[in-house]
Amino acid sequence: MSHSDDAKKLGTAKKVLAQPGMRAMIAFVVVVAALVVALWPRGGDEPSATSPSPQAPTSGVTDAGASADEIAQARTAAALAACPSGTGPAAGVLAGVSVPCMADGKAIDLGAVTAGKPLVINMWAVWCLPCRRELPLFDELAAASGDRLNVLAVHAREGAEKEFFVLKFLQELKAHLPVVTDPRGDIAKAVAAPRVFPSTVMIRADGTVAAVLPRVFDTYEDLTASVRDHLGVDVGAAS
């Protein structure tokens, strides 16, 4: 192969890497690969049931390659259920906590919109491997709960500002339950959630915390039994 051929190939590679969004996507792939390596069990060790929060799980990954139109398209494709729409008055630990709703990108007063009804919060993140298998159970719970219960998936502070990637993850997982992000960690602080993912928080209708559960639910029946035990709400068996 001639020197000129090598130069042409190098020039082509540089053009590809310079395309909008390519560097962000490469950074995302590198970070995900690093997280998989970090979380993969070594030797004969058993894999951990939950993933502790890393120091910088999405370092270098941004939405710079995604335009406002692309984010809007991702939001439409994700087809998330609307966030709760209660009118308060807000009471309890979530009173005054304002966070973005991923269904429409608008901020909501979480204490006000969930007041007067029991609430199940699933604390999760796109970089949490156990969350991938557990989140569909909460999606099913949200669909079955009707007016008896609010179910809300809360993305952890780390990565919460990466709106495009969160929406694409939910689209891939085919999870459509109501989702908010916690970019300042206000929800986690209010409910005293541990820095372990996934974790589940059960909140009574009066806004007080009934249980904080840093664990993975393996079956829908296990999840609904926990809701019944801690909140007194029976959503029935899986459909």
Side-chain angles (χ1 to χ4, degrees), residues 50 80-104 106-125 128 130-131 133-157 160 170 173 175-182 185-239:
T50 53
L80 300 177
C83 289
S85 57
T87 57
V93 297
L94 293 174
V97 175
S98 179
V99 292
C101 175
M102 293 301 288
D104 56 16
K106 297 178 180 178
I108 59 172
D109 184 324
L110 197 55
V113 300
T114 61
K117 188 181 295 186
L119 170 66
V120 175
I121 292 176
N122 180 233
M123 306 291 294
W124 70 286
C128 162
C131 297
R133 73 171 186 267
E134 186 194 56
L135 197 57
L137 301 181
F138 287 85
D139 189 48
E140 187 172 0
L141 178 68
S145 294
D147 293 332
R148 294 166 290 180
L149 187 73
N150 281 321
V151 180
L152 194 64
V154 176
H155 192 285
R157 180 182 63 197
L170 293 165
L173 203 59
H176 305 290
L177 74 168
V179 178
V180 301
T181 58
D182 194 17
D186 293 341
I187 299 174
K189 181 179 179 181
V191 302
R195 304 299 297 155
V196 174
F197 301 94
S199 288
T200 297
V201 182
M202 309 271 188
I203 299 180
R204 304 180 185 93
D206 64 1
T208 58
V209 176
V212 178
L213 308 170
R215 54 159 295 187
V216 177
F217 288 98
D218 293 315
T219 67
Y220 181 75
E221 289 73 21
D222 192 14
L223 175 57
T224 56
S226 185
V227 171
R228 185 169 56 251
D229 292 344
H230 293 292
L231 296 177
V233 178
D234 189 354
V235 297
S239 58

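Partners of D222 according to the salt bridge (charged side-chain N to carboxylate O under 4.0 Å, His left out) rule, which considers only residues two or more places apart in sequence or in another chain, are R215. Under the side chain to side chain contact (heavy atoms under 4.5 Å, CB included) criterion, A156 pairs with A125, W127, E158, F197, not counting sequence neighbours. In this structure, the side chain to side chain donor-acceptor pair (under 3.5 Å) partners of R204, at least two apart in sequence or on a different chain, are T208. Applying the side chain to side chain contact (heavy atoms under 4.5 Å, CB included) test to A205 and every residue at least two apart in sequence or in another chain returns P118. Evaluation of the side chain to side chain contact (heavy atoms under 4.5 Å, CB included) rule for A91 yields no partner, not counting sequence neighbours. The side chain to side chain contact (heavy atoms under 4.5 Å, CB included) test applied to L137 returns F217, Y220, L223, not counting sequence neighbours.
Atom NZ of residue K117 and atom CG of residue N150 lie 5.0 Å apart, to the nearest 0.5 angstrom. Rounding to the nearest 0.5 Å places CG of D229 at 8.5 Å from CE of M202. With values rounded to the nearest 0.5 angstrom, L152 atom CG is found 9.5 Å from M123 atom CE. Taking CG of N122 as the reference point, atom CG of L177 lies at 8.0 Å (rounded to 0.5 Å). The CD1 atom of I108 sits 8.0 Å away from the OG atom of S98 when rounded to the nearest 0.5 Å. Taking CG from L170 and CG from L135, the interatomic distance works out to 6.5 Å, rounded to the nearest 0.5 Å.
Proximity of V216 to P198: side-chain heavy atoms (C-beta onward) are separated by under 4.5 Å at one or more points. Between R157 and I187, every side-chain heavy-atom pair lies at or beyond the 4.5 Å cut-off. In this structure, T200 and S226 have side chains that are not in contact, with every pair of non-hydrogen atoms separated by 4.5 Å or more.
The backbone N or O of A188 lies less than 3.5 Å from a partner atom in the side chain of D182, making a donor-acceptor pair. Of the possible donor and acceptor atoms, none in the side chain of R133 sits under 3.5 Å from a partner among the backbone N and O of P130.
Put simply, the residue from V209, V201, V212 that forms a side chain to side chain contact (heavy atoms under 4.5 Å, CB included) with I121 is V201. Here the options are L110, V97, L94, the test is side chain to side chain contact (heavy atoms under 4.5 Å, CB included), and the partner is D186; only V97 passes.
Contact record, A82 with A103: CA-CB, 4.1 Å, taken as the closest heavy-atom pair. Between G96 and D109, the shortest heavy-atom contact is N-OD1, 3.6 Å.
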(message) Test side chain to side chain contact (heavy atoms under 4.5 Å, CB included) on T114 and I203; report intermediate values, then the result.
(response) CA-CA 10 Å; T114 61; I203 299 180; over 6 Å; no
